[in-house]
Amino acid sequence: MNAAALQRHKLEGFCAENGNHRSVLPKKGSNWEANLELSFQQRARGCRLTECRHHGPLYVQKPFYPEGPDLAHVYLLHPPGGLVSGDRLQISMQLEKGTRVLVTTPGAGRIYRARADKRLQQQINTIELHEGGSIEWLPQETIVYPGASGRMDTRVSLGKNSQFSGWEITCLGLPASGLVFNTGELQQRLMISREGKPLLIENLLINDESRKLYTAVVGMQSCPVTGIFVAGSFLNEVGNGKVNEEMQTAILAELRGAIAQKDLSGLAGVTAINGFIVARYLGSCSEEARSLFIKFWTIMRPMLIQRPACIPRIWST
């Protein structure tokens with residue numbers, strides 16, 4: 001019994017003893033939808049989680065404030081631990097004017113092997129920032145099992161002078177167990193816009209028709225771990241939205257120096273797109289990708305939101 005099935009078995013036992021909770025469980029073989037809506041506001045006592053609505057097994061703990069009251073650390077909790085056929089997670093976060101939030105997860109996410117009907121296993125993250133807000137979206141890696149039918153969408157809408165930094169690290173298959181992602185499908189998309197105008201669109205699609213992308217020399221070179229880290233925007237909005245070229249050049253140089261010092265087993269590179277710094281990793285070790293992105297984050301955070309890096313406590317447990 002895998003982790004998700006075991007968790008559901010425990011929850012079924014709980015619901016059998018607590019009839020008033022029975023309705024939260026789906027019937028066998030049906031989809032299990034979970035929704036989480038979060039709203040943050042800047043108040044006299046700092047950044048506060050003012051609204052938290054959830055349906056299904058998707059929650060947050062109370063915010064933590066290791067950096068002081070003006071920046072909240074939030075941990076997303078999904079007790080089943082992964083997605084099976086038909087599951088759909090929807091996470092919506094709205095940050096009002098001037099709010100600052102860091103969001104992470106306590107462990108890796110998983111997209112398990114789909115059932116024979118190949119029903120979609122989906123997670124949709126929607127983030128909306130108002131003027132002067134900032135969010136750091138730093139989930140731990142997602143493991144996609146062979147035979148999965150997964151889709152991951154992250155949509156970020158920026159307000160005036162708002163900032164986003166975040167990463168997505170994906171492990172295709174289970175390399176340590178010799179399980180190659182040679183069957184199944186994954187579609188992954190990251191979209192960042194400002195006032196309805198697209199600024200960055202990243203899309204990855206691996207299925208039976210595009211499987212050659214995974215093995216091609218000009219593609220993923222059979223590397224099971226891929227990652228992207230985005231931070232920005234480094235735009236001088238007072239100056240008609242022009243990129244701060246001097247700052248951007250300095251950041252790129254420092255990040256490339258960090259890559260050279262890491263002695264990576266995989267491949268990594270950084271570039272600038274529409275005022276955003278975009279870093280990529282391709283290799284065979286999710287821990288290496290995570291370590292590299294944390295280094296990038298520690299370099300760019302003081303420039304982006306004028307704060308030194310503060311490692312979430314959950315990463316050390």
Side-chain angles (χ1 to χ4, degrees), residues 102-105 108 134-144 152 154 156 163-173 175-176 181 186 188-190 192 199-204 206 213-235 243-312 315-316:
L102 183 153
V103 181
T104 188
T105 58
S134 74
I135 190 164
E136 296 164 279
W137 173 252
L138 310 176
Q140 301 203 47
E141 68 271 18
T142 298
I143 301 170
V144 186
M152 307 285 288
T154 300
V156 182
Q163 306 290 355
F164 170 82
S165 59
W167 63 53
E168 292 182 348
I169 301 170
T170 305
C171 182
L172 300 171
F181 192 71
L186 174 67
Q188 198 168 22
R189 175 170 287 189
L190 170 64
I192 302 176
L199 299 176
L200 183 68
I201 300 176
E202 292 282 333
N203 189 59
L204 172 66
I206 299 177
L213 170 68
Y214 181 66
T215 57
V217 175
V218 295
M220 297 178 64
Q221 304 178 29
S222 298
C223 293
V225 179
T226 179
I228 182 171
F229 176 52
V230 177
S233 69
F234 293 94
L235 292 176
V243 176
N244 188 328
E245 296 285 356
E246 184 177 345
M247 177 183 288
Q248 186 171 274
T249 299
I251 292 172
L252 288 172
E254 190 167 357
L255 296 181
R256 287 165 181 160
I259 294 174
Q261 293 173 6
K262 277 285 188 178
D263 190 26
L264 300 174
S265 62
L267 303 172
V270 294
T271 189
I273 303 174
N274 284 343
F276 289 88
I277 301 296
V278 180
R280 305 177 195 277
Y281 173 87
L282 183 64
S284 58
C285 180
S286 59
E287 183 58 36
E288 183 175 69
R290 187 165 166 266
S291 175
L292 179 65
F293 286 176
I294 290 174
K295 179 63 176 178
F296 289 168
W297 173 63
T298 61
I299 291 172
M300 284 192 281
R301 195 181 200 234
M303 304 179 192
L304 198 62
I305 65 170
Q306 294 74 53
R307 283 177 178 259
C310 179
I311 301 297
W315 293 356
S316 301

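Every heavy atom of this structure was used, including side-chain atoms; hydrogens, water molecules and symmetry mates were not. The structure presented is a predicted model; accordingly, all values stated were derived computationally and were not measured.
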Between [X] (side chain) and [Y] (backbone), is there a donor-acceptor pair under 3.5 Å?
X: Trp167; Y: Pro139; value: yes
X: Gln306; Y: Met303; value: yes
X: Glu141; Y: Ala108; value: no
X: Arg189; Y: Asn203; value: no
X: Gln248; Y: Ala272; value: no

Would Leu200 and Val156 satisfy side-chain contact (heavy atoms from CB on, under 4.5 Å), going step by step from the backbone distance to the final call? CA-CA 10 Å; Leu200 183 68; Val156 182; over 6 Å; no

To check you understand the geometry: which heavy-atom pair defines the closest contact between Trp297 and Cys310, and what is its length?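 Looks like CH2-O, 3.3 Å.
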
State, to 0.1 Å, how close Cys223 and Tyr214 come at their nearest heavy-atom pair, and which atoms those are.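 The pair with the smallest heavy-atom distance is O-CE1, 3.4 Å.
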
Please table the atom pairs, donor to acceptor, closer than 3.5 Å between any side-chain atom in residues 250-264 and protein atoms at least two apart or in another chain.
residue : atom : partner : partner atom : Å
Arg256  : NH2  : Val270  : O            : 3.1
Lys262  : NZ   : Ser291  : OG           : 2.9

Before you tell me yes or no, could you show the steps for Thr170 and Met152 under side-chain contact (heavy atoms from CB on, under 4.5 Å), namely the whole-Å CA-CA distance, both residues' side-chain angles and the distance that decides it to 0.1 Å? CA-CA 10 Å; Thr170 305; Met152 307 285 288; over 6 Å; no

Less than 4.0 Å between a side-chain N and a carboxylate O, is that true for Arg307 and Glu136?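 Answer for the salt bridge query: no.
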
Do Ile294 and Ile311 come close enough that some side-chain heavy atom pair is under 4.5 Å?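 Yes, close enough: below the 4.5 Å cut-off.
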
On the 0 to 90° scale, with breaks at 30° and 60°, tag the Phe229-Phe296 ring pair as parallel, tilted or perpendicular.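 Rings of Phe229 and Phe296: parallel, under 30°.
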
Atom CG in Leu138, atom CZ in Phe293: separation rounded to 0.5 Å?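 Those atoms lie 11.5 Å apart.
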
